[in-house]
Amino acid sequence: MNFLLYYILRRFFVTLEIDERKIMLTKGLVIKRTSVVLLSAIVKTVVKRSPLLRLFHAKEVTVFTYNGEIRFFLSENEQITFIPKIPKMRIIPRFREVIFGAFIDTRALAGIAFFTAILRKISVIIGGSYFDGLISALMTTAQKLSQILLIIHVAVPRVAVFLAVFAVCAWIFAFTVKLLRLSGFCISRKGELIYIKSGIFTLYETVVVQNTAAVVMRKTVVCGLFGCSPVYCHDVMIIPALAKKDFTRILEKLFGMKRENAVAVKTPFKNLAGHCVAPLWVFGISLAVLIMFYMSKLNFAQLTKTAIYCALIGSGYISVCGIILMKNAQSKFGTCTTLSFRRGTAVYTACFPRSISRTVTLSQSIFQRFSNLCDYRTTVVGRKSYKAKQISKNAVL
């Protein structure tokens, strides 16, 4: 609907004015809404060309600022005057690095949500019979898998097996979509702008303004095994696979964050569990409930037992991953601040110039006071906050 109104009929619904200071976008016919964006406030732009847009020789432009975004359509030949053309000098990663970046960037829960939304759209567009057929195929696969498990004397409720099959299919689908989006990946730099280009069917051209957000490296257990991790800025992957030893060099070359001799701060080994308090509590409670089930010799409520097992295994896995990864994680406090923290099964390292930090908060629990440790939270421009836990208070002050 937006494409029809704001591109095909845009002479009636859209007025776009761009000068050397601002973008003024007016949409609507009866009720008109005007958005004004200063060029100096732009932190990211994304140009998208889907197969449908290319068919009509159009492109979708999204302009991001700290306080929001605006979106409009242009014809393929119309130039975006406030963005210089992408330089010819480009860095193109190897295809195996792109596969690795797509693998690490595919999240299970997000994949399930995305897969479910796609199935719902399919059922709406082409009819519910195809949706029912797909669910029936997944149920048949789950039934066969249950029979195989019974042969090796493993009894699992059929509902649990179906959910597992659905989750695996959803992850594979999400991984395929992510890989297609990252295919053809290349990156280049010109002045204060960083250009990222990718995509096969839908083409993406992203421009990020330097030093307006933290540069974040995401490390999982798999990343630890292969010795490389993806790097992001403004929630955009800028490098699919980067070795940890090269992270400092990339920060200097692409973002102008020069190396410093700031002291690296690590969490003492005996306090590593402090990074995984919530999953450890879930693990302990799940284990206690499961022991009570077996001590009471209850032979029913198999689905409840399955849910408890899932909670036990999931929380245990998150805790182990957090402790292993945080063991070598470091934080630094200098002209450029580096913070390491755990989220889910991954450890993130955020690096940003101290000049974009707006607020800093130190907090100490009763137990941290005995070890002289604290939690360090900072908010950077754009209202994003990062929190490093269990670090030495003396190193921060």
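For this chain, numbers begin at 1 and follow the sequence in order.
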If I take atom [atom1] from residue [X] and atom [atom2] from residue [Y], how far apart are they, to the nearest 0.5 angstrom?
X    : Y    : atom1 : atom2 : result
K27  : I70  : NZ    : CD1   : 8.0 Å
S319 : H275 : OG    : NE2   : 12.5 Å
I42  : L193 : CD1   : CG    : 10.0 Å
D375 : S365 : CG    : OG    : 7.0 Å
T206 : H234 : OG1   : NE2   : 11.5 Å
L74  : L16  : CG    : CG    : 6.5 Å

Regarding T62 and R71, do their side chains bring together a donor and an acceptor under 3.5 Å, going by distance alone? yes

For T34 and T26, does a side-chain donor sit closer than 3.5 Å to a side-chain acceptor? yes

Before accepting this row, confirm whether a basic side-chain N of the pair E17/K22 lies closer than 4.0 Å to the acidic partner's carboxylate O. no

Heavy-atom donor-acceptor pair, R21 side chain to I18 backbone, under 3.5 Å: no

Between the main-chain N or O of G191 and the side-chain N or O of Q210, is there a donor-acceptor pair closer than 3.5 Å? yes

Considering only Ile, Leu, Val, Met, Phe, Trp and Tyr, and joining two whenever side-chain heavy atoms are under 4.5 Å apart, list the other residues clustered with [X].
X    : value
L280 : none
I318 : none
V320 : I324
V36  : M24

Got more than 12 heavy atoms from elsewhere within 6.0 Å of [atom1], [X]?
X    : atom1 : answer
R181 : CZ    : no
E192 : CD    : no
F226 : CZ    : no
K245 : NZ    : no

Give a yes or no on whether [X] and [Y] share a hydrophobic cluster (residues Ile, Leu, Val, Met, Phe, Trp, Tyr; joining criterion: side-chain heavy atoms under 4.5 Å apart).
X    : Y    : result
V222 : L179 : yes
F283 : L272 : no
L312 : I291 : yes
M237 : I187 : yes
L182 : I238 : yes

Cationic tip of K44 within the cone over F64's six-membered ring, i.e. under 6.0 Å and within 45° of the normal? yes

Validate the cation-pi geometry between R90 and Y195: distance from NZ or CZ to the six-membered ring centre under 6.0 Å, angle to the ring axis within 45°. no

Sorted by chain and residue number, the side chain to side chain contact (heavy atoms under 4.5 Å, CB included) partners of N211 (sequence neighbours excluded) come out as F255, M257, P353

Quick one: list whatever passes side chain to side chain contact (heavy atoms under 4.5 Å, CB included) with R369, sequence neighbours left out. Q364

Determine the minimum heavy-atom distance between S183 and V98, stating which atoms define it. N-CG1, 4.2 Å

Could you tell me how the ring of F175 sits relative to the ring of F103: parallel (under 30°), tilted (30 to 60°) or perpendicular (over 60°)? perpendicular

Applying side chain to side chain contact (heavy atoms under 4.5 Å, CB included) to Y348 and L339, what does each step give before you reach the verdict? CA-CA 8 Å; Y348 295 78; L339 300 179; over 6 Å; no

Do P268 and L373 touch side chain to side chain, with heavy atoms closer than 4.5 Å? yes

Chi angles and distances behind the side chain to side chain contact (heavy atoms under 4.5 Å, CB included) call for S75, H57: CA-CA 6 Å; S75 65; H57 301 285; 5.9 Å; no

Tell me, with the steps shown, if E205 and V207 meet side chain to side chain contact (heavy atoms under 4.5 Å, CB included). CA-CA 7 Å; E205 294 180 7; V207 180; over 6 Å; no

